[in-house]
Amino acid sequence: MTAEIVVAGERPQALATALSQLDAAAGRLHLDEGIHQMLRHCKRELVVHFPVQMDDGTTRVFEGFRVQHNLSRGPAKGGLRYHLNVCLDEVRALAMWMTWKSAVVNLPYGGAKGGVVVEPRSLSETELENLTRRYATEISIIIGPDEDIPAPDMGTDGRIMAWIMDTISMHRGHTVTGVVTGKPVSVGGTLGRAEATGRGLQYVVEEVAKQFGVTLEGATVAVQGFGNVGSVAALLLTRAGAKVVAVSDSSSGLYNGRGLGIEALTALAGDHAPMARASGGDHISNEELLALPVDFLIPSALEGQLTGENAAAVQARYVVEGANGPTTPDADAVFGERGITVIPDILANAGGVIVSYFEWVQDLQAYFWEEGEVNERLHRVITRAYKDVARMAEEQSVTMREAAMLLGVSRVVEATKIRGIYP
Ligand code: GLU
């Protein structure tokens with residue numbers, strides 16, 4: 001019998017979204033067609049197939065990717081995703097978004113992303129470690145503290161980053177902490193990284209509230225996705241006085257108009273998709289959650305959640321993107337017409353990569369900061385970026401997404417032009 005290899009399917013939607021956003025920015029910036037074409041393509045794409053020894057003695061072959069979209073502003077940076085839906089086009093889109101995200105918040109990085117086609121929960125701890133160490137070895141030819149620095153994304157965490165750091169360190173013969181970020185604090189991680197994306201979202205919501213005169217105290221919030229991003233954002237926004245009325249995961253949504261007990265729900269977040277078993281509210285569907293009349297809707301799950309089909313049903317005043325690429329261009333157009341403000345992923349969820357940058361800087365200097373300093377600097381960087389984008393939106397009479405794209409793309413183009421085209 002031939003052993004089954006799980007390889008990626010074709011799912012072009014995320015890449016189509018990313019390209020359409022780039023094309024719109026290129027048009028507004030009157031970009032040179034050659035530079036535009038360069039930015040539509042990823043600089044370097046590594047596809048790997050590798051064997052993993054399973055607990056039952058069999059060998060299974062997995063497919064993985066590491067894609068570097070652009071390196072004009074510095075080493076490549078971006079997460080690693082372990083998910084059955086990972087495919088090359090999705091990784092390309094996610095790498096492209098990392099380029100703009102790093103540029104919008106002004107980090108000295110280019111953009112990259114990686115992933116393995118796998119359902120990590122179907123593996124034992126040993127199988128997960130074997131898969132991670134072998135995948136790290138396969139991509140070791142293009143990653144490194146000066147080249148390309150992976151981090152956690154969906155399906156990966158600090159434990160997986162520690163295995164990658166250890167694997168690369170074993171190859172090089174000495175400890176290389178700066179090769180990945182999102183590591184546990186005991187092995188060169190930074191305080192504040194685990195909560196950074198959710199905390200960044202909180203700071204962004206506070207800026208939206210300030211800009212548009214919304215009182216955060218009692219403002220209603222619905223959060224789609226209860227992973228590392230959604231659960232932390234829900235908790236921190238609750239502590240900041242907002243009323244989180246709905247949350248969801250892949251199993252169910254939970255709604256309570258008086259506000260959910262987020263502290264108790266967060267305690268369940270370690271379990272796989274706990275919402276179907278959770279209490280304290282009424283169970284609602286994903287589509288019902290997206291259509292709730294709330295002040296803030298925070299999609300923090302997968303790409304392509306808000307589409308031309310369901311955008312007309314959205315009743316939120318502000319959509320703050322915790323996920324990467326949750327809104328399709330069709331949905332953006334509907335939101336634009338209906339006066340719904342979208343704070344784009346490349347700004348709203350940049351807290352993760354901002355604190356990854358702080359971790360990398362601390363690793364390179366082997367000098368570690370206190371948590372208060374990390375959070376304070378995160379606040380400074382993300383609020384400055386918010387103001388830069390808001391100013392651009394105002395000056396150019398464009399949406400926050402269009403403004404963020406103009407800012408991100410123009411910074412990358414400027415670096416490319418100043419460096420010149422080699423040779
Ligand atoms: N995966 C996160 C993102 O999409 C973090 C990337 C990083 O820290 O490099 O922004």
Side-chain angles (χ1 to χ4, degrees), residues 14 17-18 65-71 73-83 86 90-116 139 143-145 147-158 160-161 164-165 177-184 188-190 192-201 204 225 227-230 232-233 298-303 320-326 343-363 374 377-378 381-382 385 404 408:
T17 295
F65 309 92
R66 183 71 186 173
V67 170
Q68 298 170 354
H69 169 250
N70 186 281
L71 307 178
R73 290 170 43 87
K77 188 86 191 76
L80 296 175
R81 186 171 282 201
Y82 285 2
H83 196 283
V86 165
E90 183 194 60
V91 178
R92 286 171 170 149
L94 291 163
M96 205 175 277
W97 284 321
M98 285 309 304
T99 302
W100 316 137
K101 193 186 298 185
S102 297
V104 166
V105 296
N106 221 353
L107 304 180
Y109 285 141
K113 205 81 176 197
V116 177
I139 64 167
I143 66 170
E147 293 94 5
D148 179 356
I149 307 116
D153 196 79
M154 278 178 59
T156 59
D157 56 16
I160 289 174
M161 297 306 119
I164 296 176
M165 187 276 270
T177 50
V179 65
V180 280
T181 58
K183 301 180 295 295
T190 181
R193 175 63 183 87
E195 306 82 25
T197 312
R199 180 163 278 120
L201 278 165
V204 166
N228 177 47
V229 177
V232 175
I298 307 186
S300 309
L302 279 166
E303 305 94 67
V320 183
E321 296 184 333
N324 292 311
I343 311 301
D345 45 8
I346 56 174
L347 170 64
N349 73 30
V353 73
I354 292 169
V355 176
S356 274
Y357 168 63
F358 297 158
E359 178 174 336
W360 180 74
V361 166
Q362 292 171 75
D363 286 340
V374 172
R377 284 176 184 267
L378 165 61
V381 173
I382 207 159

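The first residue of the sequence shown is numbered 1, and numbering continues consecutively from there. Start at 1 and go down the list; that is how both ligands and their atoms are numbered.
Within the 4.0 Å heavy-atom shell around ligand 1 one does not find G182. Residue-ligand proximity: K101 is placed with a non-hydrogen atom under 4.0 Å from ligand 1.
Polar contact with ligand 1: absent for N349 (N/O pair, distance under 3.5 Å). At a 3.5 angstrom cut-off on N or O pairs, P152 counts as close to ligand 1. In terms of polar-atom proximity, defined here as any N/O pair under 3.5 Å, R193 does make such a contact with ligand 1.
Of the protein's non-hydrogen atoms, D153 OD1, 2.8 Å is the one closest to atom 1 (N) of ligand 1. Atom 8 (O) of ligand 1 has S356 OG, 2.6 Å as its closest protein atom, hydrogens excluded (heavy atom only). The protein non-hydrogen atom at the shortest distance from atom 7 (C) of ligand 1 is A151 CB, 3.3 Å.
Atoms of ligand 1 lying under 4.0 Å from any heavy atom of G78, numbered from 1 in the order shown and given with element: 9 (O). If you number the atoms of ligand 1 from 1 as listed, the ones under 4.0 Å from a heavy atom of K77 come out as 7 (C), 8 (O), 9 (O). Shown in contact with M98 at under 4.0 Å from a heavy atom are these atoms of ligand 1, numbered in order with element: 3 (C), 4 (O), 6 (C), 10 (O).
Side chains of Y357 and R377 form no contact here, defined as non-hydrogen atoms less than 4.5 Å apart. With a 4.5 Å cut-off on side-chain heavy atoms, V381 and F358 count as touching. Within the 4.5 Å cutoff, no side-chain heavy atoms of D148 are placed close to those of I139. Side chains of V86 and V116 form no contact here, defined as non-hydrogen atoms less than 4.5 Å apart. N324 places a side-chain heavy atom less than 4.5 Å from the side chain of K113.
A donor-acceptor pair under 3.5 Å is absent between the side-chain atoms of N349 and the main chain of T197, judged by distance alone.
At a 4.0 Å heavy-atom cut-off, ligand 1 touches K113 through the side chain alone. If you look at T197 next to ligand 1, there are no close heavy atoms at all, none under 4.0 Å.
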Does the pair R81 and T156 meet the rule for a side-chain hydrogen bond (donor to acceptor under 3.5 Å, both in side chains), with working shown? CA-CA 6 Å; R81 186 171 282 201; T156 59; over 6 Å; no
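Atom NZ of K77 and atom OG of S356 lie 4.0 Å apart (nearest 0.5 Å).
The side chain to side chain donor-acceptor pair (under 3.5 Å) test with T190 singles out one residue from Q362, E359, K183, and that residue is Q362.
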